[in-house]
Novice: 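Below is one structure. I have some questions about it.
Labels below follow one simple rule: chain letters A, B, ... track the order of the sequence lines, proteins then strands, and each chain is numbered from 1.
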Protein chains: 2
Amino acid sequence: MTEQPAPTTTAGDPATARGEQTRQLIRDTAMRLFRERGYAQTTMRAIAQEAGVAVGNAYYYFGSKDHLIQEFYAQSQVEHRAAAQPVLDREAAFGPRFAGVLHAGIDVLTPSHGFAATFFKTAAEPTSPLSPFSAESSGPRQAAIDLFGEVLTGSTATVDAELRPQLPELLWLAYMGVILYWVHDRSPGQTKTRQLIDGAVPLVDRLVALSRLRVLRPVTRQVLDLIRTLRH
Amino acid sequence: MTEQPAPTTTAGDPATARGEQTRQLIRDTAMRLFRERGYAQTTMRAIAQEAGVAVGNAYYYFGSKDHLIQEFYAQSQVEHRAAAQPVLDREAAFGPRFAGVLHAGIDVLTPSHGFAATFFKTAAEPTSPLSPFSAESSGPRQAAIDLFGEVLTGSTATVDAELRPQLPELLWLAYMGVILYWVHDRSPGQTKTRQLIDGAVPLVDRLVALSRLRVLRPVTRQVLDLIRTLRH
DNA sequence: GTCGGTAGTTGAACACGTTCAAGAAGGGGC
DNA sequence: GCCCCTTCTTGAACGTGTTCAACTACCGAC
């Protein structure tokens with residue numbers, strides 16, 4: 001239903017399409033206003049006016065106000081990947097790698113905590129294309145999962161063979177949990193989220209290591225079976 | 001800001017206030033329309049018209065359309081408590097008690113899966129008074145936590161002394177997780193949520209039992225310290 | 001019975017997200 | 001130059017949630 005030009009999210013090509021400039025103008029204006037006033041307080045009329053275009057023009061490029069959020073996601077994901085690179089280069093052990101990537105994610109989001117929190121509700125709606133589990137956001141999601149795959153591939157940790165293929169997605173899921181906590185985190189500077197990361201990662205680390213133990217094999221199996229059943 | 005008469009959520013008193021009838025009429029009409037058409041498709045004008053009152057009148061009793069959701073929560077909580085009673089009477093072991101109460105919760109919500117899912121997003125917004133973590137919903141929340149307290153008090157399970165006081169809230173948190181999964185569950189009849197409950201409860205059961213083990217004492221401590229740190 | 005005040009009720013009006021028919025701009029084919 | 005088609009742009013109009021000044025119904029006090 002909602003017509004849209006080919007998604008040119010990935011930078012690089014020199015704005016061939018005629019409207020690409022307008023698209024970026026509207027997107028940047030929206031991001032700025034979201035940061036300045038918050039999501040709810042930013043009206044589509046205000047975005048259009050500040051960008052110097054008509055309201056309908058914004059809807060030509062973005063199907064809805066919510067779709068502007070998706071733009072924010074994609075942007076954040078790219079920044080997250082970049083911020084994680086130094087960690088992946090530096091650390092070799094699983095724990096520090098995982099913690100570093102989680103911290104990098106929060107680092108990227110921190111400046112937007114005020115307004116990001118208010119619109120993460122849209123992501124929580126299952127029917128919304130903005131849900132991190134939806135088909136529409138499978139691109140950014142897969143990129144994020146791949147990032148946690150890199151946390152593993154580059155690490156010195158030895159992981160249970162059966163658990164291994166599931167683990168990147170599980171780590172991503174843990175990251176989603178961290179974000180959920182972060183969104184609700186009212187502590188100054190969201191320090192508690194940092195404590196959550198630093199406290200939980202060693203536990204995950206130990207758990208992953210334990211999964212290889214002979215005695216715990218049945219439990220590991222049980223957990224993996226459950227996960228496989230529950231995946232869509 | 002939003003003026004409201006004293007909340008008479010608890011039934012029993014014979015509608016002393018003049019407007020109590022109107023209040024219930026509007027609430028029941030809203031619940032019916034939500035079920036029939038879904039939350040987004042039900043307009044405040046439609047609710048008012050079906051109830052035979054003016055639009056503004058609905059706002060006299062309920063601060064916003066979202067506040068009607070809170071009414072749904074409260075109602076569901078009461079039904080959940082009632083549906084859990086047979087389980088609490090029947091079962092003695094922790095596992096079956098916990099599983100039974102979780103299933104009872106899903107039983108109560110199942111008829112509303114279609115529309116309940118769409119508005120759980122409102123609950124996910126941290127700033128919203130509808131968030132299950134908010135001060136405004138501390139009443140229903142505490143009632144729910146108490147229900148999981150009863151799961152423990154009546155059970156034959158012996159729990160680590162340090163873990164014990166935290167456990168009801170943790171079980172409630174697990175219930176929130178189940179609901180989060182249920183909301184996204186697209187399987188027919190939400191059978192996967194049932195599998196989640198049946199698969200996860202034995203694991204929780206085992207985990208709780210293990211927490212008392214000498215060898216695992218340091219880990220239990222670590223987890224409990226983390227939880228205590230993260231609580232608000 | 002009348003007065004005064006509270007509780008309850010009304011519907012027009014507002015700002016918002018969104019739609020859409022109409023038009024403008026651009027660019028290739030001849 | 002002219003035509004045609006796609007791409008882009010416009011702003012009025014619609015339906016929504018919400019507000020609010022005005023009005024009515026009730027009830028106790030005298």
Novice: Respond yes when some side-chain nitrogen or oxygen of B/Tyr59 is under 4.0 Å from OP1 or OP2 of D/dT18, and no when none is.
Specialist: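 The answer is yes; a side-chain N or O of B/Tyr59 sits under 4.0 Å from OP1 or OP2.
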Novice: Kindly assign one of parallel, tilted or perpendicular to the pair A/His80 and A/Tyr175, based on the angle between their ring planes and the thresholds 30° and 60°.
Specialist: tilted
Novice: Quick one, A/Glu36 and A/Phe115 - any side-chain contact, counting heavy atoms below 4.5 Å?
Specialist: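 Side chain of A/Glu36 against side chain of A/Phe115, heavy atoms only: no contact under 4.5 Å found.
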Novice: Pick from A/Asp146, A/Leu152, A/Ile145, A/Val151: which one makes a side chain to side chain contact (heavy atoms under 4.5 Å, CB included) with A/Phe148?
Specialist: A/Val151
Novice: Provide, to the nearest angstrom, the distance between the CG atom belonging to B/Asp66 and the P atom belonging to D/dT16.
Specialist: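 After rounding, the reported distance stands at 17 Å.
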Novice: Rounded off to whole Å, could you give me the OH-to-P distance for the A/Tyr60 and C/dG23 pair?
Specialist: 19 Å
Novice: Atom pairs under 3.5 Å, N or O on each side, protein against nucleotides 22-28 of chain D: can you list them with distances?
Specialist:
none

Novice: Roughly, in whole Å, what's the span from CG in B/Leu25 to P in C/dT9?
Specialist: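 One finds 10 Å between P of C/dT9 and CG of B/Leu25, rounded.
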Novice: Using a 6.0 Å distance limit plus a 45 degree cone around the ring axis, check whether B/Lys65 lies over the aromatic ring of B/Tyr39.
Specialist: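 Geometry flag: set, cation within 6.0 Å and 45°.
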Novice: Within the 3.5 Å criterion, strictly below it, is a donor on B/His103 or B/Asp198 matched to an acceptor on the partner's side chain?
Specialist: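 Short answer, yes.
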Novice: Report the distance from atom CE of A/Met44 to atom C1' of D/dT16, rounded to the nearest whole Å.
Specialist: 16 Å
Novice: Determine whether more than 12 heavy atoms belonging to other residues, nucleotides or ligands lie under 6.0 Å from atom CD of B/Gln49.
Specialist: no
Novice: Could you verify whether a donor N or O on one side chain and an acceptor N or O on the other, from A/Ser64 and A/Asp66, lie under 3.5 Å apart?
Specialist: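 The answer is no; no qualifying pair exists.
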Novice: Would you mind reading off the distance between A/Phe62 atom CZ and C/dG17 atom P, rounded to a whole angstrom?
Specialist: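 For the pair A/Phe62 CZ and C/dG17 P, the rounded distance is 15 Å.
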Novice: For C/dG8 and B/Asn57 - does any side-chain N or O of the residue sit under 4.0 Å from the phosphate oxygens OP1/OP2?
Specialist: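 So the side-chain polar atoms of B/Asn57 never come under 4.0 Å of the phosphate oxygens OP1 or OP2 of C/dG8.
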Novice: Answer yes or no: is there an ion pair linking B/Arg97 with B/Glu150, defined by an N-O contact shorter than 4.0 Å?
Specialist: no
Novice: Within the 4.5 Å heavy-atom criterion, are B/Trp172 and B/Arg141 side-chain neighbours or not?
Specialist: yes
Novice: Whole Å only: how far is the NZ atom of A/Lys65 from the C1' atom of C/dC16?
Specialist: 8 Å
Novice: Which whole-number value in Å describes the distance from A/Tyr61 OH to D/dT10 P?
Specialist: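 Those two atoms, OH and P, are 10 Å apart.
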Novice: Nearest-Å distance, NE2 (B/His67) to C1' (D/dG17)?
Specialist: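 One finds 14 Å between C1' of D/dG17 and NE2 of B/His67, rounded.
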Novice: Which of residues 45-56 of chain B have a heavy atom under 4.0 Å from DNA chain C?
Specialist: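 Per residue number, the list reads B/Arg45, B/Val53, B/Ala54, B/Gly56.
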Novice: Are B/Thr22 and C/dT9 close enough that a side-chain N or O sits under 4.0 Å from OP1 or OP2?
Specialist: yes
